[in-house]
Peer 1: 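Take a look at the following structure, please.
Naming: A, B, ... by sequence-line order, numbering from 1 per chain.
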Amino acid sequence: MGDSDSRLVQDRRAKVERLRKEGREPFPWSFPGRVATSQVVAACAPLAPGAEGRGPPLTVAGRVRAVRVHGKSAFVDIDDLAGPLQLFARVDELGEEGFGRLTADLDPGDLVGAVGRPVVTRRGEPSLRVTELTLLAKALNPPPEKYHGLKDPEERLRRRYVDLLAAPESRARFRARFLLTRALRAHLDGLDFLEVETPTIVPVASGAAANPFTTRSRFLDAELQLRIALELPLKRLLVGGLERVYEIGHVFRNEDLDSSHTPEFTMMELYWAYADYHDMQRLVEGLYGALASEAARLLPENPAARAAPERFRPPFAVVDFVDELEARSGITDLLGRSREELRALARAAGATVPDDSPPGKFLDKLFEHYVEPTLDRPTFVVDFPAATTPLAKRHRSRPGRVERFELFAGGTELGNAYTELNDPDEQEARFREQLSARGEDHYAYDADFVEALRYGMPPASGLGIGVDRMVMALTGTSSIKDVVLFPPVRERPVDLL
RNA sequence: GGGCCCGUAGCUCAGCCCGGCAGAGCAGGCGGCUCUUAACCGCAAGAUCGGGGGUUCGAAUCCCCUCGGGCCCGCCA
């Protein structure tokens, strides 16, 4: 069962040996002058079936998907990033020897280059009538079966390159993911935000409630952690006068995987001096509107992407956290409830929360249970109870609330924003509350951050968006593993020798 | 971490309930075919049935353990 023993691999190795003996290099260095396969297809468009294009020959390169030999002619399907193309090879153009080599050398999975003229076959398939065919890299391992492809979900993750080479829709989805990230940057750059980078390895991970990964520095002789959020370093930059900053980077949370969580994921956080959370709602609407258009352009075949521009057309709906929760749950006077009452209500709603959870935890659970699943259309949930949010500024006119919104769509969170707390004394008090609440997932006390606020942070609004989930929402992808190229997998057990 | 399910040829899958010679298609080999596109036709080959143990005259099939994965639940976005 070992690959090295496989008969198929042995046959392919034998071909490599033979090629070398014949003085032909199975892994040449370059292949100049190629155009995209789509260019050949375009050149075929005006041609009638059976006609051959005039003008100079074209050069293409790509991976062999199938070889169909018909005695003295052959069809070779290749594809490159632009799409598939049929090569039409005949002994008439290649000669007996050249044609014989083609059929003897080529296997599915090989990378080849071809020169020829565009033709449309009698059956109407745009093709390249090949006058030269060159092996560019021999594939020793055979590709997955040509019709069913690679189905095994484990192999698709462990050997993502095989998934990508075998499944054009997987390539298209990942391309869309990274082009959406590019569009995200372009949108923010256009609003004059500055992209920055801050450390991933920090003394104490803070800015969110999650279990950190730990590591050790030999230089500092100290235990360090991997960041769980971008928030606090970026706010320090507002103190420093950078005014509009954002960062797109990985954050790390030492938790289990499921269809919407993975321990290492991509976060975008943005901080905007002299703006508040109302300004930020407008920014988020503009941002999702722009990204939805881009998704529709990138994936015209994908129903979710195609529907995105209409779905994410501003303005988004707005609901009040407390009003909506009371309306959905039938609970009254939520803000007047004691911690014990809230805990009992949360447990009645099926949440399993430890007794010593921070007080806001119970409200979060209630909201998650009663409201989140009902939020399908993009909706801003606004004015969270203060207890849920230690880093947001208290509401300017509504006691017991903070100026915060989350954007939900399709039952999942697509963004989280506050008017930022910039009063150092209040920040210090909120950190202390969190610590005294104990429990596992309190926010870490960051004394230097309080110190930074003492120098004066401008009034500002901040935004966080989970980029993986943003991509999922815009592309209709149900598992986060389908938008993360190399999700974490367990070490495969060593084969017994 | 708890529950349910899956693992058979390089790939996609049968066979497992109800124990009795491990099958097919694709890919690969050989032969044929100058318009196919999941090309077609013929021949031959390819598997310690995830791993270990047990029950049995006999295990892919039943039992136990273990590894890997999927889905649901709990926790983090």
Peer 1: Just to be sure I understand the rule, does A:L157 reach a base, reach only the sugar-phosphate, or reach nothing, if contact means heavy atoms closer than 4.0 Å?
Peer 2: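 Result for A:L157 = sugar-phosphate.
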Peer 1: Spell out yes or no: do the side chain of A:D258 and the base of B:rC75 have one donor N/O and one acceptor N/O closer than 3.5 Å?
Peer 2: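 Answer is yes: a donor-acceptor pair is held.
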Peer 1: What distance, rounded to whole Å, do you find between the two P atoms, one in B:rU55 and one in B:rC11?
Peer 2: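 About 34 Å, rounded to a whole number of Å.
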Peer 1: Any side-chain N or O of A:K481 under 4.0 Å from OP1/OP2 of B:rG70?
Peer 2: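 Looking at the OP1 and OP2 atoms of B:rG70, one of them is under 4.0 Å from a side-chain N or O of A:K481.
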Peer 1: Quick one: label A:D92 by what it contacts on the DNA or RNA (base, sugar-phosphate, nothing), any heavy atom closer than 4.0 Å.
Peer 2: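 A:D92: base contact, heavy atoms under 4.0 Å.
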Peer 1: Measuring from A:L133:CG to A:R101:CZ, what's the distance to the nearest 0.5 Å?
Peer 2: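 Nearest 0.5 Å value for the CG-CZ distance: 10.0 Å.
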Peer 1: To the side chain of A:E154, which of B:rG69, B:rC75, B:rU34 is closest?
Peer 2: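 Of the candidates, B:rG69 comes closest.
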Peer 1: With nearest nucleotides of RNA chain B determined for A:V489 and A:A66 from heavy-atom distances, which residue corresponds to the more 5′ nucleotide?
Peer 2: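 Result of the comparison: A:A66.
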Peer 1: Within the sub-3.5 Å range, which N or O atoms of nucleotides 27-31 of chain B have a protein N or O partner, and how far apart are they?
Peer 2:
residue, atom, partner, partner atom, Å
B:rA27, OP1, A:K146, NZ, 2.6
B:rG28, O2', A:D11, OD2, 2.6
B:rG29, OP1, A:K15, NZ, 2.9

Peer 1: Has the side chain of A:D152 got a donor or acceptor that lies under 3.5 Å from a partner of the other kind on the base of B:rG69?
Peer 2: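 Not at all, since no donor on one side and acceptor on the other fall under 3.5 Å apart.
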Peer 1: Ring centroids only, cut at 6.0 angstrom: are A:Y271 and A:Y246 within range, meaning strictly under it?
Peer 2: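 Distance test on ring centres: not under 6.0 Å, no.
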Peer 1: Could you tell me whether the phosphate oxygens of B:rG32, OP1 or OP2, come under 4.0 Å of any side-chain nitrogen or oxygen in A:K72?
Peer 2: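 No, outside the criterion.
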